[in-house]
Amino acid sequence: MPTNPIGGINPTVAPAGIGQSSQATLRVGLEYVGKIISFDPAGIAEVQIGDQVFGMKLGNNFAVGDVLHFRFLGSDPNPTFLLLSAGANQSAFENVILSGTSLLIAQLQDEAQLQGQLSKVESLLPPMLQNPQNSQLTAAQLQNAIVMSGLFYESHLANFAKGKWPLNALMKEPQNRPNFNASQIVNKQLDALENQTIRWNGNIWPGQLMDWQVAYEQEQSSSLPHDDNTDQAIVSVIELDLPQLGKVQARLTLRGNALSVQLKAEKPQTENLFRQEISGLTNTFNANGQELKAMEVITHG
């Protein structure tokens with residue numbers, strides 16, 4: 001948000017001169033709170049930040065007296081601020097100083113939000129499955145899509161330092177690609193850490209998009225809280241919009257070695273097809289050595 005200093009108003013709040021001693025009080029990267037004190041005839045808001053006043057184009061959603069949060073981005077060639085939030089009360093009208101780590105995380109999150117990034121891993125590579133008929137290869141490629149997504153880069157880097165992770169694998173992760181944007185990964189890492197969920201979106205085979213979510217799901221095997229027998233399951237949800245079958249979803253829940261599968265289809269004819277083929281799907285799982293606890297077709301709706 002480029003801004004220009006306002007002159008010709010109350011000298012107690014007007015800047016002495018941007019680029020001179022007055023602007024030295026603003027430090028790049030720090031958060032500041034500003035208050036709208038007036039609007040000029042052209043609709044430019046006059047915003048007081050500390051002992052300075054800046055002209056900002058804020059749009060029509062703000063009024064005199066509003067208190068806004070900004071991050072100072074720099075002064076070359078003009079003072080530039082990032083608008084973070086609005087609605088603070090008057091008691092908050094003071095500078096907000098963050099720790100270095102908090103500042104970096106907040107800055108990367110803001111950049112990710114500005115770019116419209118989702119909390120998911122978006123594949124920038126060719127279609128994942130080159131040979132979908134090979135189940136063992138498919139499993140390895142699905143695993144590789146998550147492991148090499150960049151979400152676990154710091155862990156891999158630590159293992160590399162211990163001699164437990166190969167350099168050629170490390171160099172294939174997004175962090176070592178040209179034009180890497182850290183905000184795209186950090187925001188997803190924080191989301192995965194907080195929600196214990198990872199999402200992958202991309203071409204599963206040529207011309208076919210897939211949305212895939214992997215998460216932990218806890219189930220108490222005892223009514224007592226914090227029971228040592230608490231089972232933790234891994235839930236994998238795959239969603240596809242297929243040319244002939246329409247939108248379908250497969251929900252796989254793995255608890256221990258037992259797998260439960262739920263299939264859902266948006267089209268009634270696809271749902272009927274699933275019911276007709278469910279015994280064949282069950283036999284396929286069993287033939288590949290997977291203990292199948294349950295398989296069912298869920299009615300859409």
### Message
Distance check, rounded to the nearest 0.5 Å: Leu254 atom CG versus Ile234 atom CD1?
### Response
6.0 Å
### Message
Between Phe72 and Leu82, is the side chain to side chain contact (heavy atoms under 4.5 Å, CB included) condition met? List the steps.
### Response
CA-CA 7 Å; Phe72 184 55; Leu82 175 67; over 6 Å; no
#### Entry: Arg275/Glu271 salt bridge by N-O under 4.0 Å criterion
yes
### Message
For the CD atom of Glu46 and the CD1 atom of Ile36, what is their distance to the nearest 0.5 Å?
### Response
10.5 Å
#### Entry: Shared-cluster residues of Leu167, by chain and number - hydrophobic side chains joined below 4.5 Å
Val147, Met148, Tyr153, Leu157, Phe160, Trp165, Leu170, Met171
### Query
In terms of hydrophobic clustering (I, L, V, M, F, W, Y; side-chain heavy atoms under 4.5 Å; direct or indirect links), are Leu240 and Ile198 co-clustered?
yes
### Inter-residue atom distance Ile238.CD1 - Leu142.CG, 0.5 Å rounding
6.5 Å
### Query
So, are Asp66 and Lys35 salt-bridged, with charged N and O less than 4.0 Å apart?
no
### Task
Decide whether Leu281 and Val261 are clustered together by the hydrophobic rule: side chain heavy atoms of Ile, Leu, Val, Met, Phe, Trp, Tyr closer than 4.5 Å, transitively.
yes
### Linked, directly or transitively: Leu209 and Trp205 (ILVMFWY side chains, under 4.5 Å)
no
#### Entry: Shortest non-hydrogen contact between Ile49 and Gly34, atoms and distance
CG1-CA, 3.8 Å
#### Entry: Nearest-0.5 Å distance, OG1 of residue Thr197 to CD of residue Gln213
5.5 Å
### Message
For a quick check under 3.5 Å, do Gln262 and Gln249 share a side-chain donor-acceptor pair by atom type?
### Response
no
### Query
Would a 4.5 Å heavy-atom cut-off, applied to side chains only, mark Leu263 and Ile298 as touching?
no
### Task
Check for a donor-acceptor pair, side chain of Thr284 on one end and backbone N or O of Gly280 on the other, with a separation under 3.5 Å.
yes
### Under 3.5 Å donor-acceptor, Asn283 side chain and Ser279 backbone
yes
### Message
In the structure I gave you, are the side-chain heavy atoms of Glu154 and Gln189 within less than 4.5 Å of one another anywhere?
### Response
yes
### Message
Taking ring pair (Phe, Tyr, Trp, His ring centres under 6.0 Å) as the cut-off, I'd like each qualifying pair that reaches into residues 260-288, sequence neighbours left out, listed once.
### Response
none
### Query
What heavy-atom pair brings Ser38 and Val64 nearest, and what distance separates the two atoms?
CA-CG2, 3.8 Å
### Query
In this structure, are over 12 heavy atoms from other groups packed under 6.0 Å from Asn168 atom CG?
yes
### Message
Could you see if Val235 belongs to whatever hydrophobic cluster contains Met210? Use Ile, Leu, Val, Met, Phe, Trp, Tyr and a side-chain cutoff under 4.5 Å.
### Response
no
### Message
Is the shortest side-chain heavy-atom distance between Asn203 and Gln208 below 4.5 Å?
### Response
no
### Query
What do you reckon, is NZ of Lys172 surrounded by more than 12 foreign heavy atoms closer than 6.0 Å?
no
## Note on the structure
The reported gap from CZ in Arg71 to CZ in Phe81 (rounded to nearest 0.5 angstrom) is 12.5 Å
### Closest approach of Ile185 to Gly150 (non-hydrogen atoms, all atoms of both residues)
CG2-O, 3.6 Å
### Query
If you take all heavy atoms of Ala233 and Thr253, which pair is closest and at what distance?
CB-CG2, 3.8 Å
#### Entry: Non-hydrogen atoms of Gln290 and Leu259 that approach each other most closely
NE2-CB, 3.4 Å
### Query
Between atom CE of Met295 and atom OG1 of Thr282, what is the distance when rounded to the nearest 0.5 Å?
4.5 Å
### Message
Ignoring hydrogens and geometry beyond distance, is a side-chain donor-acceptor pair present between Trp200 and Ser149 at under 3.5 Å?
### Response
no
### Message
Would you say Val237 ends up clustered with Leu151 if hydrophobic residues are merged whenever their side chains have heavy atoms under 4.5 Å apart, either directly or through other cluster members?
### Response
no
### Task
Measure across Ala45 and Leu58 and return the closest heavy-atom pair with its distance rounded to 0.1 Å.
CB-CD1, 3.7 Å
### Task
Taking only Lys NZ, Arg NE, NH1 and NH2, and the carboxylate oxygens of Asp or Glu, determine whether Arg251 and Glu217 approach each other closer than 4.0 Å.
yes
### Residues Phe70, Val33; criterion side chain to side chain contact (heavy atoms under 4.5 Å, CB included); working and verdict
CA-CA 6 Å; Phe70 300 94; Val33 177; over 6 Å; no
